[in-house]
Amino acid sequence: MPTFTGLQRSRRTTRAVAIADRVSRWTITVGGIATILAVATVCLFLVYVVLPLLVGGSVTPAGSQPTPAPGRMLAAGEDEYRRLAWTLRDDGMVRALVTDSGQVLASELLYAPAEVTTVQVHDRDLLLGYRNGQVEQVKIGVASQVLGLGDAPAVTHQLAVGSTAIEAGSLYERTSKSTVRRQQLEVARDAKVALGEFPVLHVDGADTPNGTMIAAVTSDGTLHLKTRSERMNMVTEEVTVTLEGASVRLAELVPNLVAQAPDHVLLAGAGDNVYLIWNNGRLVRLDTRSIDTPRFAEELQLLPGGATVTSVAFLIGKQTLLVGDDRGDVGLWFKTKPPNATPHDGATLVRARSFAPAQPAAVVSLHASVRSRLFTVLRADGTAQVLHGTSERLVAGMQIAADDRPALVRMAVKEDGVLVFGERAMHRWDLRAGHPEVTLASTFLPVWYEGYNGPEHVWQSTSGSDDFEPKLGLWTLIFGTLKATLYCLLFGVPLALLAAIYTSEFLHPRWKARIKPSIELMASLPSVVLGFLAALVFAPVVEAHLMMLLLLVLTLPIAFLIGANLWQALPPRWRTLGDRFRLLGGVVALPLGLCLAMLLAPLVEGLLFGGDLRGWLVTDGDGQAARGSAYGGWLFALLPLAGVGTALAAPMLPFLPARGLPRIGAGTVLALGAAAALSGLCTVLGFDLRGSLVGTFDQRNSLVVGFVMGFAVIPIVYTIAEDALSSVPAHLRAASLGAGATPWQTAVRIVLPTALSGVFSAVMIGLGRAVGETMIVLMAAGNTPVLELNLFNGFRTLSANIATELPEAVRDSTHYRMLYLAALVLFVMTFALNTAAEVIRQRFRKRAFQL
Amino acid sequence: MLWLCGGSLALCLVMVFGLLLLVFTQGFGTFWPTPLVQLELVDGTVRLGEVTRASRFEVPADQLAALPEATRQRAQARLQDGWSERRQLRTGNYDLTFEHFHWVPEYLVDRESQPEWAVLVERRTWGRFYGTPIAFKSDAQVVATEPAAVLERLFAELPATHQRFAQAAHLRKHEIGRLSDREEEARLAARAVELRHGTDSTRHVAALADLERLVADTAAERARIEAEVQQLESENRRRSIVLRTSTGAEHELSLDAIVRLYPANRLTFGDKLAIYLDRWHEFLFDDPRESNTEGGVWPAIFGTVLMTLIMSLLVVPFGALAALYMREYAKAGLVISAVRIAVNNLAGVPSIVFGVFGLGFFCYIIGGTIDDLFYPERQPAPTFGKGALIWASLTLALLTLPVVIVATEEALAAVPSSMREGSYACGASKWQTIRRIVLPRALPGIMTGAILAMARGAGEVAPLMLVGAVKLAPELPLDGEFPFLHPSRSFMHLGFHVFDLGFQSQNSEAAKPMVFTTTLLLIGVITTLNVTAIWLRSRLRRRFVSSQF
């Protein structure tokens, strides 16, 4: 077919084009969707890491083995690999049992039954009290040793990895190709010590820096408190055991002592208290911090009338007492120090929690984990539970066979199993505890931690000591985040919005083209730079010139008002000419405000704050102010409010002069008067700003953070708000001006309401940025997790907390997952804020188009 | 009220420019040599140093009371209502005095002078030294005692000394480093054989024998290089100068301990400018010294730029793909607008959240898997399963993805549909239309997005703290060793450098000037990127305005 160009025109698409088209379609579709999915992964991954926190633990039965042996079970234990268990029955025999088969591996007679009057478990040791008044400490355990294949007996050579063999009273397990682990029962006894000639009824021990401390009650009603220390003679290598302490008759120590001896004697903590417990629920606490002179501290009733104590135990750290009774309740008691405590040591035992059973059945046995605040409880109906002492979470529930009677429960050393001894058999479960210390409630609601006076929000994830309990309450961090946001917005939003109104409505377009990008440039300032300036430059300045900076809040607007009035006083011709340079006028007014503040600062500080603002701010732990009257603070805080109030109410006050300086003067007098009167009222009523909104001054404080974070937020709010204001159609302005409104009236009554949703979304987006800001807060906020609104102290935000703690958190630990939860909370907060802003903005756009 | 509005705007502007001015003056002023001031106090102590700050303070009564009777009169006379000026001197000589700075109250100063021959020494360790040169020693023989002669000898010898020092450092770092690397590789290879074929298998034994042979080979080589280094260093140590401090103590400095030395009070403007420029050169191109408080920030600049480049290589193509899909291929509907809102919102999600994601997902899961699959011999030390350049780049790519997507989408939307329709009408396929018509028009917009993403990426620090930025990286992530780019290495970053120096440094007062200059550098990089973006955008707009018909 002839064409104009002479070229042959093909009507068919060439194959290359078709293939390129298809390939590109696929690439773009797959790549595009994959990219979008990758973004979605962020949220899903956070949820994936957090989820195990909320999933409970689980148990799976690991079999029951009959354990035929006479007598009552006194104590039992299990090795950390859960291969061997040992039992002590009242026939005085210690038996090692292979947990897989129930076979008795070895047995040893610990004592003749007639000699011993009491057996008490202390940590992993046993304390035996003898009829002749002696006390003995016995360590029963399983000795584990890893051997090379060459050193192990021949039976182990054919074993598959993970299986076991028994030879000569030892259990061998093939742990790898070349290693074998040998385990055997180990009983180590210390030398007996004599407390007197009367039979020992109860004995308990505690580890103190000076050695093991022993508290024992003998049948003559005497309490013996002794510290047992061993000293080795360097020359003869002879060990001498010394016993120091006091023996006191209980009747002299405890008022109204009933005749019979206590049923349980427990030594708490590092031996600083002795608890005497009777089965009817009576508890007497003795203060034994001074071992030679024990003192009666308090007496209280653990149980309601009629109930009987059946089992007691300590949680890890020996500070929290678990009391099980015959109705099946387990009460959790610890010492608190309330301000109104009556005992001489200022402390009192309180019941912080109690764990009730589904079906009432007496508590038979309690056992606490040696790693965390988990404990197990065994009840008479054969049910066993694994519970967490702080979060109150029920981790797992178990039930032993109906034909057996429960006797003793033990939690595995590594918290990976539960061992229940019945009278006939040994029942085992594998336990996966998960993250029992965290529940939704413990994360966001106050929790009553051990030693605290009541439920509190606490974030304290690490500490030096071993039996420290991590306290993971996110609320303090959320509060810190909100506090940072609040103070940042308080400073940033008014400034940004007013600046946006001025830019869009009053600024010459040529100026606007220069000024807007330079403020946008501020948005790109890296936050680490702002943080550095905040911490090392602004914080010292604020510390040195606090009063002056606070006064600036008042004097700057006053300076602008003075400027405005001077402007009004100019001849109209000059005013029209100078209209372009009005912004410069503002720049000139700034130093004026600064000078005013500098001049006024010593004066105001002297008049209102007793000459020393920072001293005036000091509050004690309970938020009670120490110095000066509350009046100054109120006056200072209420003055701006009164000023704004007067300005708003001015049109409704006919008695004010009509215009000019007289009007301003009268307004000022009115505002001052109102503020003074209100402050007086507040002071008389006994309210004080200190302790709530203001308080003790720290160098790293919210004022600095609010100010500097304003730098980060102002540009965003400013840009978006200005865009919204500028996109209000010009004909609305024209109509308003045409109807005789002044430019200011037009801006405030026509433009601003029309653009309000856009402006609102600007604020929301600013809020989103403030919530997630990390570096500024990390460097300038001091990072102490406190729950105070105080403008002059620091806080710890979610983001700063993640930045400081995540690098050190152990992967997949509870702490690690909690930090992911913090990140998820941040994500959700900002996502919600931004979505709200976006939706509002869409609506605004629709409305703007309609106009 | 109008004035209040104007005032707010003015305040915002003053704040922005005041802040920039502060950073500029502090940043640019840091390296300018200042005179050395010697202050003689009433109690007879003499202090020599550079004035760094000044302030006013109220003199505590007990401080006055502690003075001897005779001097108290004189000091009291200089007080103004109990207040006095004070100056902070950088007195250096940390190894002698255990302080870098000293506040000197003005009312105690009897005499102030600028000693002509006082010199400032920047040392490789222990920070600065201030004193007067009194001798030049060569092989422990004093060869010059007059300050002028000493300095003349010194300036003659210093360049050669520095050259020898650099040579020794090069030998130690690269030559010996190369040998160590070879040994380490052989050790890892042996470990890999052990893992694959079992301990004491024939191959393992052979590999171990290889390793031993290699170690024996390298030992000789290593000894040779070490001897060379020794020789260079002993040559350097032959010459030294003796300085007298303001307190009269004499201190000998070996020449190779000196980085820079100048008689601060004898400098002409030209000398000062030369020192100033030389310090900038050192700052920009040298490695840091003294736990980052001195020396240069070259590794940080390098790390920042490299990380940002890798990030843009990742984010721009994928962001553009996503935008193309959403704008050109996907059917416009509820799902796409929901995705659009979600992508917009992601731009507002805090950067630390991305950091958390990067640490858990990239470093631990993906990096951990790579280690398990490819580097079993290096276990348990992680190779990819820790913070690394590649993970930092990926995390920031994810963080900046919304910026690129939004910008690209806007650019695509701004291409008039009449052009697309015209192209289709001429028989072009969809891809041809996109490639020849849409993309060229949208390119400036996409580039704006890319540059904005780079600016944001370069300024972010919070996520980097979790996924790979470190205080001090021993090796650059890009070097002459195969495979040249090492994505698994940690890196230094300007923003993190600012954080580390300003917040975690032991001696934050001495580090402050460095922080300001680093800040200046960071702001410079980011502002340049942003201004380019703004300029591109305005050009783009102008082009579209003119092309509307």
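Letters go in sequence order (proteins before strands), and every chain restarts at 1. Worth knowing before you read on, the calculation uses all heavy atoms, side chains too, and leaves out hydrogens, waters and symmetry mates.
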**Request:** Step through the shown structure and confirm whether more than 12 heavy atoms of other residues, nucleotides or ligands are within 6.0 Å of CZ on B:R56.
**Result:**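 Yes, enclosed.
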**Prompt:** Do other residues, nucleotides or ligands put more than 12 heavy atoms under 6.0 Å from A:Y48 OH?
**Reply:**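 Atom OH in A:Y48 is not packed in, count stays at 12 or less.
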Find the one option among [options] whose heavy-atom pairs under 4.5 Å with chain A are most numerous.
{"options": "B:L452, B:L22, B:T519", "answer": "B:T519"}
{"options": "B:F318, B:Y329, B:F496", "answer": "B:Y329"}
{"options": "B:F361, B:W431, B:F516", "answer": "B:W431"}

Contact winner vs chain B - [options], heavy-atom pairs under 4.5 Å:
{"options": "A:P517, A:S518, A:G768", "result": "A:S518"}
{"options": "A:V42, A:V839, A:T830", "result": "A:V42"}
{"options": "A:L497, A:L46, A:V30, A:L826", "result": "A:L826"}
{"options": "A:A20, A:A499, A:A837", "result": "A:A499"}
{"options": "A:T774, A:I501, A:T29", "result": "A:T29"}
{"options": "A:I716, A:L798, A:L778, A:D812", "result": "A:L778"}

Heavy-atom cut-off 4.5 Å, strictly under: side chain, backbone, both or neither for [X] against chain A?
{"X": "B:V343", "value": "neither"}
{"X": "B:L359", "value": "both"}
{"X": "B:F17", "value": "side chain"}
{"X": "B:L398", "value": "side chain"}
{"X": "B:A455", "value": "neither"}
{"X": "B:L11", "value": "both"}
{"X": "B:A342", "value": "both"}
{"X": "B:V339", "value": "side chain"}
{"X": "B:N345", "value": "both"}
{"X": "B:L19", "value": "side chain"}

Value rounded to 0.5 Å, distance of [atom1] in [X] from [atom2] in [Y]:
{"X": "A:K512", "Y": "B:L9", "atom1": "NZ", "atom2": "CG", "value": "11.5 Å"}
{"X": "A:E838", "Y": "B:I341", "atom1": "CD", "atom2": "CD1", "value": "5.0 Å"}
{"X": "B:I365", "Y": "A:R811", "atom1": "CD1", "atom2": "CZ", "value": "6.0 Å"}
{"X": "B:L346", "Y": "A:F827", "atom1": "CG", "atom2": "CZ", "value": "5.5 Å"}
{"X": "B:F357", "Y": "A:L44", "atom1": "CZ", "atom2": "CG", "value": "9.0 Å"}

For [X], which atoms come within 4.5 Å of any heavy atom of chain B: side chain, backbone, both, or neither?
{"X": "A:F711", "result": "side chain"}
{"X": "A:I765", "result": "neither"}
{"X": "A:F532", "result": "side chain"}
{"X": "A:R25", "result": "both"}
{"X": "A:A535", "result": "neither"}
{"X": "A:V49", "result": "neither"}
{"X": "A:V23", "result": "neither"}
{"X": "A:L833", "result": "neither"}
{"X": "A:L556", "result": "side chain"}

Beyond-backbone contact of [X] with [Y], side-chain heavy atoms, under 4.5 angstrom:
{"X": "B:E328", "Y": "A:I28", "answer": "no"}
{"X": "A:L495", "Y": "B:C12", "answer": "yes"}
{"X": "A:L533", "Y": "B:V23", "answer": "yes"}
{"X": "B:I523", "Y": "A:L525", "answer": "yes"}
{"X": "A:Y816", "Y": "B:Y364", "answer": "yes"}
{"X": "A:I714", "Y": "B:M15", "answer": "yes"}
{"X": "A:S24", "Y": "B:I434", "answer": "no"}

**Prompt:** What heavy-atom pair brings A:D21 and B:K430 nearest, and what distance separates the two atoms?
**Reply:**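 Shortest heavy-atom contact: OD1-N, 3.5 Å.
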**Chi angles and distances behind the side-chain contact (heavy atoms from CB on, under 4.5 Å) call for B:Q26, A:V537** = CA-CA 11 Å; B:Q26 294 277 348; A:V537 181; over 6 Å; no
**Chi angles and distances behind the side-chain contact (heavy atoms from CB on, under 4.5 Å) call for A:L806, B:V356** = CA-CA 8 Å; A:L806 191 55; B:V356 169; 3.8 Å; yes
**Request:** Decide side-chain contact (heavy atoms from CB on, under 4.5 Å) for A:I519 and B:L13; before the verdict, give the C-alpha distance in whole Å, the side-chain angles of both, and the deciding distance to 0.1 Å.
**Result:** CA-CA 7 Å; A:I519 292 194; B:L13 287 173; 3.9 Å; yes
